[in-house]
Amino acid sequence: MAANERIAVAKTYKIYIDGKFPRTESGRYFPLKDKRGKVLANVCRSSRKDFRNAVVAARKAQGAWAGASAYLRGQILYRIAEMLEGRSAQFVDELVLQGTTRARARREVETAIDRLIYYAGWSDKYQQVFSSVNPVASSHFNFSVLEPTGVVAIIAPDDSGLIGLVSNVAPAIVGGNTCVVLASETSPLSAVSFAEVLHASDVPAGVVNILTGFRSELVGQFASHMDVNAVAFAGLDRKVAGTVQSQAAENLKRVIARAGVDWMKSDAESPYFIRDTQEVKTTWHPIGT
Amino acid sequence: MATPENKLAFDGGWEYDPAPESTDHVSLKKRYGLFIGGEFTAPQSGRYFDTINPATEEALARVADAGEADVDRAVRAARKAYSERWSRMRPKERGKYIYRIARILQERAREFAAIESLDGGKPIRESRDVDIPLAAAHFFYYAGWADKLDYAFPGRRARPLGVAGQVIPWNFPLLMAAWKIAPALACGNTVVLKPAETTPLTALKLAEVIADADLPPGVVNIVTGAGKTGAAIVEHKGVNKIAFTGSTQVGRLIMRALAGTPKKYTLELGGKAANIIFADAAIDQAVEGIVNGIFFNQGHVCCAGSRLLVQESVADEVIEKLKDRMQTLIVGDPLDKNTDIGAINSRMQLDKIASYLKVGEQEGGAMFQTACRLPKKGYWCPPTIFTGVAQSNRVVQEEIFGPVLAIQTFRDFDEALAKANNTPYGLSGGVWTDKGAKIFRMTSGIRAGVIWANTFNKFDPTAPFGGYKESGVGREGGLHGLDAYVDLGAR
């Protein structure tokens, strides 16, 4: 070792709950290793309790986030993209560390940034596309608008640590939902760093909560928690997906199964993804004196 | 406030002569088979059951009890019609068939109204003025969508799903059939529909209409039976989509049964809507709204305003006026044009309501029922209110599905909203105030799919309907109601 060599500071990867970065309350971890078997990080193996805490935070944040103007939500999503752009080198390196080729990593980060911009732009438009004024036969002014479903539990795709996460979180939050996300199990580092980006982007605490850990252990919690309004997942095998729906039935969660989507492609973004976590509310108002 | 001097005497002196709707134009067969492949056929199960008039407890007809083999036959007929005819037909022509159904229903509206009241117990005034005209209107509305689906889903091409299995409840028998069948057909699907076991007759009469309209055989199949028949539809592998209206409890079972299958589903389930009266509301109108909200169709309405939240400062006045108004409600013969509240749909439902009345009293609520005379035979429940109930009481939290109103008070806006949202349900809600800004704040705050401001229980084919939270998944009616019956391709 040369006398003047500087030792790099390694990052402790944490989880993100209510705008804070704790380690898991359980104290558990799992080592993430590179191809050579070198430990990259001791990643939090989040517990059911972490999930419950995250749901409390998401519920608490939901009303105010839904109440924020569409313009503001759009600007915040745009801000996330700005922050990600500025730190893209870090994200590329991290993806490479987790086994992605450099070229693919670069594309993935760029696509993630562009996807955030895409959804930022939808914030004040999807309502206009999907709402309706209904010409009822009686003397009423009648209209249907979209409102956020509420708290969305998201099991992010396993195969793309960053773009899969961004593609599922952005359409949920742009529509005024808050969410609890389980990061990719095999490449969780990008999710944790993305939490840091969110944290620097004026996303209110609790709007996005990100956990790392084992799908097999947490998927049941995501599906069955009684204060979660929707569960979205990508890339679960059919049997597990069936179990999720079965458990989600207890409180009639909306079940959003996204199978076979290539998150790098342009058809992986659409206002219909926003609509997946929206409710339609119809209001009747008499016309008269 | 009414004083003893100016108060009208509601409890006597008002005798109405009977004014029954005639039934001589109604034709009912003694026995109905299953409508499969365009004709009525005997059930392979060999079983039949009686459908009775809940106002007289007399049998109206015998109806087939479809077993698994019968359901299988119906699904096969629907599949054949789907692949050979309906999905290949030009959308415009599909639409014309649906228009025909609407027209024939209009022509035969009075007959359908009478049968609806006979079989289900609802007042003829409602079946005549609400159920049947709305059912026809639904067919008319969706008929027009058949060749315009490209405009409903921007950027997507809507394709039919295939065979839709539809299970409907007994509270609006024909209307629910229309809600289900019309959009399904418009989008190019074929249908296997099961009406409720206590009210199968108008669906079977609708089968006649569909045959008269010359729809290709198998496009609409109607199988009668109870829960087991419904389960056979839900579980049938040849069905692509399930649409269900009924209780949250059964909705859960269906969602579980469909888990792990590619079947799409929409569920219209229970509700416990809050009807919120602010002190600045037009009180007399609000009282009419309360009455319409809970006593319409004997309270057998998933979106009924079964919880009244009234601002403390006007609570005494509202409750007194409500009681007075309730005294004028005529409970009795569903076929009588003066009847306000008809028969409870079934013995089972009557028992369920009765058990809730007991629970309400045991929980400490004060029960008030009007002193109306009830017919000797049949199933009846006088209009009922509970005061002095708490948010955690079962009569406040659970759906009773009868003419039973739970009344609570509130002091300010926030308390009203918190109470309104404090149930697992989220189907509907009502708000009464003369202040526009307050209306919009409340209607945006209530977590429910349908909100009525200064009105209640209004329905229209163009207006989407459906629940938040445990009141269901998906919408029916309007442009949004198409979504349940189309495949939009890659997402």
Side-chain angles (χ1 to χ4, degrees), chain A residues 63 66-67 129-147 149-150 226 229-230 238-262 265 267-268 270-273 275-276 279-286 288, chain B residues 133-134 137 153-156 248 251-262 267 269 424 426 428 430 436 439-440 443-456 458-475 477-480 483 488-491:
Chain A
V129 172
F130 293 124
S131 291
S132 62
V133 172
N134 313 310
V136 295
S138 54
S139 183
H140 293 90
F141 180 61
N142 185 287
F143 55 94
S144 298
V145 297
L146 299 192
E147 288 185 349
T149 297
M226 290 297 279
N229 300 99
R238 190 142 158 200
K239 198 168 155 234
V240 179
T243 311
V244 168
Q245 176 166 326
S246 192
Q247 291 179 306
E250 190 56 32
N251 69 336
L252 275 300
K253 276 182 202 73
R254 284 73 179 109
V255 177
I256 301 145
R258 291 170 177 151
V261 183
D262 180 345
K265 289 206 170 138
D267 66 0
S270 135
Y272 291 92
F273 283 98
R275 202 187 58 158
D276 285 345
E279 299 290 326
V280 177
K281 175 184 274 182
T282 299
T283 304
W284 292 72
H285 203 302
Chain B
L134 266 182
F153 302 100
R156 288 293 159 95
T248 291
R252 253 184 220 121
L253 294 177
I254 290 177
M255 194 168 158
R256 284 196 194 114
L258 298 178
T261 75
L267 307 168
L269 309 177
S428 66
I439 286 175
F440 284 108
T443 55
S444 343
I446 298 175
R447 301 283 295 153
V450 186
I451 315 276
W452 290 285
N454 292 321
T455 182
F456 211 94
K458 295 281 184 275
F459 310 93
D460 193 276
T462 68
F465 182 96
Y468 285 29
K469 304 198 294 190
E470 294 183 27
S471 286
V473 179
R475 293 295 175 271
L479 185 157
H480 299 83
D483 196 32
L488 295 180
R491 301 209 124 190

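- Ring geometry for H285(A) versus F440(B): interplanar angle under 30°, hence parallel rather than tilted (30 to 60°).
- Of the atoms belonging to A257(B), not a single heavy atom falls under 4.5 Å from chain A.
- Here R447(B) does not pair with E279(A) in a salt bridge; the nearest charged N to carboxylate O distance is not below 4.0 Å.
- With chain B as partner, the option from P135(A), G63(A), P271(A) having the largest number of non-hydrogen pairs under 4.5 angstrom is P135(A).
- For chain B, no part of A241(A) is nearby; none of its heavy atoms comes within less than 4.5 Å.
- Smallest separation of non-hydrogen atoms from P154(B) and Y272(A): O-OH, 2.7 Å.
- There is no contact between I254(B) and chain A, counting heavy-atom distances below 4.5 Å.
- Looking at A257(A), neither its backbone nor its side chain comes within 4.5 Å of chain B, counting heavy atoms on both sides.
- With a 4.5 Å cut-off on non-hydrogen atoms, P424(B) does not touch chain A at all.
- Only the side chain of N142(A) comes within contact range of chain B, with heavy atoms under 4.5 Å apart.
- F153(B) touches chain A through backbone and side chain together, each having a heavy atom under 4.5 Å away.
- Only the side chain of L267(B) comes within less than 4.5 Å of a heavy atom of chain A; its backbone N, CA, C and O stay farther away.
- Using a 4.5 Å cut-off between heavy atoms, E250(A) contacts chain B through both its backbone and its side chain.
- Heavy atoms only, all atoms of each residue included: A259(B) and G242(A) are closest at CB-O, 3.1 Å.
- There is no contact between T243(A) and chain B, counting heavy-atom distances below 4.5 Å.
- Each of G472(B), G477(B), G426(B) has some count of heavy-atom pairs under 4.5 Å with chain A, and the biggest count is that of G472(B).
- Here the closest non-hydrogen pair linking E147(A) and Y468(B) is OE1-OH, 2.7 Å.
- For R475(B), the part lying near chain A is the side chain, with the backbone staying farther off; criterion is any non-hydrogen pair under 4.5 Å.
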